[in-house]
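Indexing begins at 1, ligand by ligand and atom by atom, following the structure's order. Heavy-atom basis, side chains included; hydrogens, waters and symmetry copies ignored.
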Amino acid sequence: MEQLYRYLEEGFQEMVEIRRHLHQYPELSFEEVETPKLIADYHEKLGHEVRTDVGGRGVVATLRGGKPGPTVALRADFDALPIQEENDFSYKSKVDGVMHACGHDGHTAALLGLAKALNRMKDEMEGNIVFIHQHAEEIPPGGAIAMIKDGCLDGVDVIFGTHLWATCPLGEIGYRTGAFMAAPDRFDIKIQGYGGHGSQPELTKDSIAIAGQLIVNMQQIVSRRVSALDSAVVSICSIEAKNPYNIIADSVNLTGTVRTFKEEIRNQIEKEIERVVKGTCMAADADYDYQFTRGYPATVNHKEETEFIAEIAESAPTVTSVKEYEPQMGGEDFAYYLQQVKGAFFFTGAGIPGRESYPHHHPKFDIDERALLTAAQVLGTAALEYLKKK
Ligand SMILES: [Zn+2]
Ligand SMILES: [Zn+2]
């Protein structure tokens with residue numbers, strides 16, 4: 001393990017350079033071209049078996065150990081977001097309106113650096129390591145499900161992945177057994193009333209007034225219909241009825257998100273929303289259209305593998321604390337891998353010391369790059385310890 005840490009230390013500067021390069025040339029989900037090319041080239045130079053265009057734009061590289069053994073998969077995503085960067089450093093995004101505002105540039109750089117270090121140790125390795133570089137994590141249906149269908153998990157015994165987390169302190173590893181990240185779903189509601197003159201509401205079915213009631217009624221779903229011991233969020237995030245000041249709106253569109261951890265609560269809320277929409281519209285003699293679109297399932301970590309991460313993380317030189325985290329309401333398509341094989345997804349603290357961190361997806365989002373080394377150390381330790389253990 002000392003050897004791994006030395007190799008990673010030697011490769012750290014290159015990790016930072018790769019991260020900064022990717023940061024300057026971010027690519028949107030499902031539109032990645034140069035990023036997967038860079039990744040594939042890097043692995044090819046190391047002599048790894050490389051598959052490109054996996055499930056669309058994903059890259060899978062395999063490092064075979066000198067001795068037989070199990071296969072560990074390590075995953076990093078590489079897509080960016082439609083955000084105009086407001087940071088001021090020299091390596092800020094050169095692409096208008098596109099930014100690595102979630103740290104996926106760092107995930108990729110850390111995994112490439114780790115691949116190089118592990119490659120130097122391959123002769124002694126008892127088993128194989130599969131590097132899953134995934135496109136399109138940010139937009140459902142996401143890249144994971146297509147990569148799995150295209151065989152990225154074939155022969156894989158266990159999978160580990162991490163997310164750099166800017167609002168957690170540098171050096172901290174956060175883990176949780178069971179449901180760690182939520183299922184992020186979307187709903188779209190159209191209230192179809194009957195428009196008319198603002199002076200004669202009695203001749204209309206005022207869709208804005210109905211929407212007002214609906215918003216209030218929907219607050220009852222989580223507070224009155226879901227057990228206090230279960231977690232759920234129903235947020236209406238947009239409402240639209242653009243009209244002149246003297247015309248009553250014919251229709252109103254509302255969209256929002258639902259976050260849950262349990263499949264039965266997810267199914268229940270999907271139905272509850274429709275019941276409330278139907279009832280509210282019926283009371284006003286209006287029509288409606290309702291759509292519930294499922295995002296990723298909840299990310300549910302396996303017990304043994306999560307405890308394993310918590311245990312081995314202690315030994316990584318740059319890790320200063322290992323903590324059990326509360327479940328997160330954000331979503332992650334790492335969920336799909338965990339439905340297929342055993343594994344764990346954890347957070348690597350990436351906050352910049354002495355500074356307040358901007359949240360993920362913020363135009364001023366930034367990470368402390370030393371977290372790349374921490375992430376690589378923990379993933380590398382997990383891979384090697386797992387091969388040794390089995
Ligand atoms: Zn994100
Ligand atoms: Zn992310």
4.5 Å side-chain heavy-atom contact, E138 and F30: no
Non-hydrogen side-chain atoms of L214 and V277 separated by less than 4.5 Å: yes
Sub-2.8 Å protein N, O or S atoms surrounding the Zn ion (ligand 2): C102 SG, H104 NE2, H163 NE2
Any donor-acceptor pair under 3.5 Å from N87 side chain to F365 backbone: yes
Heavy-atom donor-acceptor pair, H360 side chain to A166 backbone, under 3.5 Å: yes
Distance-only donor-acceptor check, side chains H23 and D105, under 3.5 Å: yes
Side chains of T381 and Y5, donor plus acceptor under 3.5 Å: yes
